Peer 1: 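Quick one: this structure, given as structure tokens, is what I'll be asking you about.
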Amino acid sequence: MSRIVEADPASDVQDLAAALEDGALILFPDTPFEIRPEEQGLIDPAIFSGESKNVSYNPDTGKLGGVALEGEALETCRAMLARYADFARDLLTRTAPGYAPALQRKRTSFRPGEVAVRVLSPRKDDRLLHLDAFPANPVQGRRILRVFTNVHPQGRARHWRIGRQAFGEFARDFQPRLKAGPAPGLASIMSALKITKGRRTPYDHAMLQLHDLGKMDAAFQAATPSDEIMLPAGASWIVYTDSVLHAALAGQHAFEQTFLLPPEGMNDPAKAPVRILESMLNRKLV
Ligand code: SIN
Ligand code: FE
């Protein structure tokens with residue numbers, strides 16, 4: 001069984017960092033994010049502006065993207081995402097207080113679309129097992145730690161699949177297919193042209209390949225040991241999505257907050273994928 005650790009929502013401070021770093025998904029079965037009466041109408045995929053997979057919010061600038069809303073509805077939506085960004089930070093700092101000094105809060109998202117019916121290319125299809133890697137936002141060795149909350153108004157669970165392989169085993173299986181890179185000069189050009197926000201490091205390059213290779217490998221998808229889990233409405237969960245193989249199979253109406261954490265901010269930096277890959281490939285990646 002993949003490791004699901006149920007945390008006690010009533011407990012104030014719990015140091016679950018070690019469990020997270022060992023690949024556990026920390027589940028808070030009853031830790032809902034309250035939707036206010038004036039926000040209820042926003043829990044609807046009709047608020048999307050186009051083909052985007054989710055509504056995205058930058059808690060540093062207040063910029064909201066992906067919605068076709070104006071006036072008061074737009075401001076209500078912005079405030080709802082801002083409140084979720086704070087909810088997620090509070091939950092994470094209560095769960096792993098030691099992370100607080102080094103934690104970097106990034107994008108907040110609201111995902112009102114149905115996961116099961118999306119038609120996407122395999123590379124973009126998060127119904128296939130994968131590790132997260134960002135093409136446009138290089139993490140440069142930092143961990144990707146995410147908080148999710150299922151807010152489905154009719155109480156439907158979000159259905160995930162979680163791989164049992166640890167990061168190191170998964171990476172070793174795909175290591176023969178990893179190509180060195182990015183090509184000299186290319187990372188600077190992509191950054192200068194704002195194709196990437198900052199420099200794509202060899203670590204980012206390797207993680208993007210692992211993301212794609214895993215999704216495109218039908219034999220791996222079919223055969224890798226995994227478990228399906230139901231994440232109830234009203235639940236929140238926290239997981240390192242750069243090291244825990246995951247796929248969202250079905251569900252609607254979830255919030256998500258992304259955090260980045262430098263390996264030095266972890267309990268055990270040796271468990272960071274960047275360190276594992278560096279020793280596997282025997283070269284510096286950032
Ligand atoms: C993902 O990170 O792959 C998608 C998770 C979700 O939306 O439930
Ligand atoms: Fe993902």
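In this text the structure is predicted, and so the values were computed from the model without any measurement.
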Peer 1: Kindly compute the distance separating CG (L92) from OG (S236), expressed to the nearest 0.5 Å.
Peer 2: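 Those atoms lie 11.5 Å apart.
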Peer 1: According to salt bridge (charged side-chain N to carboxylate O under 4.0 Å, His left out), who are the partners of E6, at least two apart in sequence or on a separate chain?
Peer 2: none
Peer 1: Answer yes or no: is there a donor N or O on one side and an acceptor on the other, between the side chain of S191 and the main chain of A187, under 3.5 Å?
Peer 2: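 It does not hold such a pair.
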Peer 1: Between atom OG1 of T196 and atom CG of D204, what is the distance when rounded to the nearest 0.5 Å?
Peer 2: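 The OG1 atom of T196 sits 8.5 Å away from the CG atom of D204.
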Peer 1: Could D212 and K215 be called an ion pair, given the rule that one side-chain N must be under 4.0 Å from one carboxylate O?
Peer 2: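 A salt bridge is absent here (no side-chain N lies under 4.0 Å from a carboxylate O).
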Peer 1: With a 4.0 Å cut-off on N to O distance, would you call R275 and E21 a salt bridge?
Peer 2: no
Peer 1: In terms of side-chain geometry, is the basic nitrogen of R283 or E278 positioned less than 4.0 Å from the acidic oxygen of its partner?
Peer 2: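 Here R283 does not pair with E278 in a salt bridge, since their nearest N and O are not under 4.0 Å apart.
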Peer 1: In this structure, would V286 and M266 fall into the same cluster of hydrophobic residues linked by side-chain contacts under 4.5 Å?
Peer 2: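 No, no single cluster joins them.
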Peer 1: If you take all heavy atoms of P138 and A136, which pair is closest and at what distance?
Peer 2: CD-O, 3.4 Å
Peer 1: Looking at T108 and L81, what are the two nearest heavy atoms and their distance?
Peer 2: CG2-O, 3.7 Å
Peer 1: Could you tell me whether the side chain of D217 and the main chain of A219 form a donor-acceptor pair under 3.5 Å?
Peer 2: yes
Peer 1: Could you grab the distance from atom CG of L210 to atom OG of S243, nearest 0.5 Å is fine?
Peer 2: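 It comes to 12.0 Å.
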Peer 1: Could you please spell out the steps behind the ring-ring contact (aromatic ring centres under 6.0 Å, His included) verdict for F255 and F33?
Peer 2: CA-CA 9 Å; F255 281 86; F33 171 64; 5.1 Å; yes
Peer 1: Rounded to the nearest 0.5 Å, how far apart are CZ of R142 and CD of E264?
Peer 2: 11.0 Å
Peer 1: Out of curiosity, R200 CZ to N137 CG, how far, rounded to the nearest 0.5 Å?
Peer 2: 10.5 Å
Peer 1: Do the ring centers of F220 and F174 come within less than 6.0 Å of each other?
Peer 2: yes
Peer 1: I'd like to know if E114 pairs up with R156 as an ion pair, taking the criterion as any Lys NZ or Arg NE/NH1/NH2 lying under 4.0 Å from an Asp or Glu carboxylate oxygen.
Peer 2: yes
Peer 1: Hey, does the side chain of Q257 reach the backbone of K106 with a donor-acceptor pair shorter than 3.5 angstrom?
Peer 2: yes
Peer 1: Taking all non-hydrogen atoms of both residues, which atom of M280 and which atom of G168 are closest, and how far apart?
Peer 2: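 Looks like CE-O, 3.5 Å.
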Peer 1: Please tell me whether T258 and R107 have a donor and an acceptor in their side chains that are separated by less than 3.5 angstrom.
Peer 2: no
Peer 1: Can you confirm whether or not the ring centre of F170 sits under 6.0 Å from the ring centre of F167?
Peer 2: no
Peer 1: Which residue, R146, R143, H211, forms the side chain to side chain donor-acceptor pair (under 3.5 Å) with D242?
Peer 2: R143
Peer 1: When you measure from the side chain of H246 to the backbone N and O of V244, does any donor-acceptor pair fall under 3.5 Å?
Peer 2: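 Yes, the answer is positive, given that a donor and an acceptor are paired below the 3.5 Å cut-off.
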Peer 1: Under a 4.0 Å N-O cut-off, is there an ion pair linking E39 with R83?
Peer 2: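 A salt bridge links E39 with R83.
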Peer 1: Salt bridge or not for R3 and D227, using N-O below 4.0 Å?
Peer 2: no
Peer 1: Do E75 and R78 meet the salt-bridge criterion of a basic N to acidic O distance under 4.0 Å?
Peer 2: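 A salt bridge is present here (some side-chain N lies under 4.0 Å from a carboxylate O).
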Peer 1: Aromatic rings F148 and W237: how do their planes relate, parallel, tilted or perpendicular, breaks at 30° and 60°?
Peer 2: parallel
